[in-house]
Amino acid sequence: MIGDLLPLAIGVALSPIPVVAAILMLLSVNAKRASVGFALGWVTGILTVTGLVTAAAAAGLMSSASQPSTAASVIKIAMGLLLVVIAVRQWRSRADDSIPAWMTAIDELGVAKAAGLGVLLSVLNPKNLLLCLTAGVTIGTSGLNPAGNAVAITAFVLLGAASVVVPVGGYAVAANQLRGVLAGLKNWLQAHNHTVIAVVFMVMGTTALTKGVTGF
């Protein structure tokens, strides 16, 4: 199960927008408080979506007692196709290096607004939402017991949130040493935003399609 979730968790972790947002907060006036709030919101959003979908799938809405149902396989195929479509669109837009308007307002965010932004980027961002939904379906249709589901969800959340949580934790320990590294990483992610998403989502989409097709 961890092996099945690993590509999806990496997809969430490598999503450039939340990582850039976290880095911008770490370089802002309210660095420590805002970044901690954002990290908490980001983790909460991933955990909530994945947990709810897992619970729905495990309850029998998308799975049987022994193996994934036809409905679950169809859902995985549909999600895989959506991921591939997003990958193609992002690849075609790879020359666009414009910065979203909301990023310019990050300097003014407090803890509450930063936490809210973290939740929004994990729940309302279609790309991250699709990965969390796919993870929830994968866990819920695996046939694990409730304790196994909880372990799988925890592993997915920890891996998926690592790209935001680790820089925030590292900044709290060694802020001065990380400023230059974070600034360079931010610039690289902004310049290669669409390319990173395209590659990650193509891999995730292919994996989901394979799982869906083999489930019949």
Side-chain angles (χ1 to χ4, degrees), residues 5-52 90 96-133 135-136 150 153-201 204:
L5 292 175
L6 185 58
L8 297 170
I10 292 175
V12 175
L14 293 181
S15 183
I17 292 179
V19 177
V20 171
I23 293 174
L24 288 174
M25 289 182 193
L26 290 173
L27 299 174
S28 68
V29 177
N30 300 319
K32 290 186 177 180
R33 297 182 63 192
S35 61
V36 170
F38 180 78
L40 290 175
W42 177 244
V43 171
T44 300
I46 297 174
L47 177 61
T48 300
V49 173
T50 307
L52 289 176
Q90 291 295 316
D96 180 15
D97 57 356
S98 59
I99 301 174
W102 58 267
M103 287 187 177
T104 61
I106 282 182
D107 273 341
E108 304 174 1
L109 293 182
V111 177
K113 290 184 178 179
L117 179 60
V119 173
L120 289 176
L121 287 180
S122 58
V123 175
L124 298 184
N125 185 309
K127 304 178 186 68
N128 293 323
L129 178 61
L130 190 55
L131 291 172
C132 292
L133 290 174
I153 292 171
T154 301
F156 174 75
V157 173
L158 290 177
L159 291 171
S163 59
V164 169
V165 174
V166 170
V168 171
Y171 186 88
V173 176
N176 294 331
Q177 292 87 338
L178 287 179
R179 282 186 178 273
V181 175
L182 292 174
L185 180 59
K186 179 200 70 173
N187 293 334
W188 187 88
L189 287 172
Q190 286 179 338
H192 300 89
N193 177 24
H194 295 289
T195 301
V196 172
I197 292 178
V199 173
V200 169
F201 274 64
M204 300 307 103

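Here the side chains of Val43 and Val165 are in contact, with some heavy-atom distance below 4.5 Å. For the pair Leu26 and Phe38, the minimum side-chain heavy-atom distance is 4.5 Å or more.
Residue Val157 comes nearest to Leu47 through the heavy atom pair CG2-CA, 3.8 Å, listed as atom of the first residue, atom of the second, then distance. Between Val19 and Ser163 the shortest heavy-atom distance is CG2-OG, 3.5 Å. Asn128 and Trp42 get closest at one heavy-atom pair: ND2-CH2, 3.4 Å. Of all heavy-atom pairs spanning Gly51 and Ile153, the tightest one is CA-CD1, 4.0 Å. Val164 approaches Ala22 most closely through the heavy-atom pair CG1-CB, 4.0 Å. The nearest pair of heavy atoms linking Phe156 to Val12 is CZ-CG2, 3.9 Å.
Between the CG atom in Leu129 and the OG1 atom in Thr50 there is a gap of 9.5 Å [rounded to 0.5 Å]. A distance of 9.0 Å separates CG in Leu8 from SG in Cys132, rounded to the nearest 0.5 Å.
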request  = Dump the intermediate steps for side chain to side chain contact (heavy atoms under 4.5 Å, CB included) on Val168 and Val36, then the final yes or no.
outcome  = CA-CA 7 Å; Val168 171; Val36 170; 4.1 Å; yes
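Ser122 places a side-chain N or O within donor-acceptor distance of the main-chain N or O of Val119, the cut-off being under 3.5 Å.
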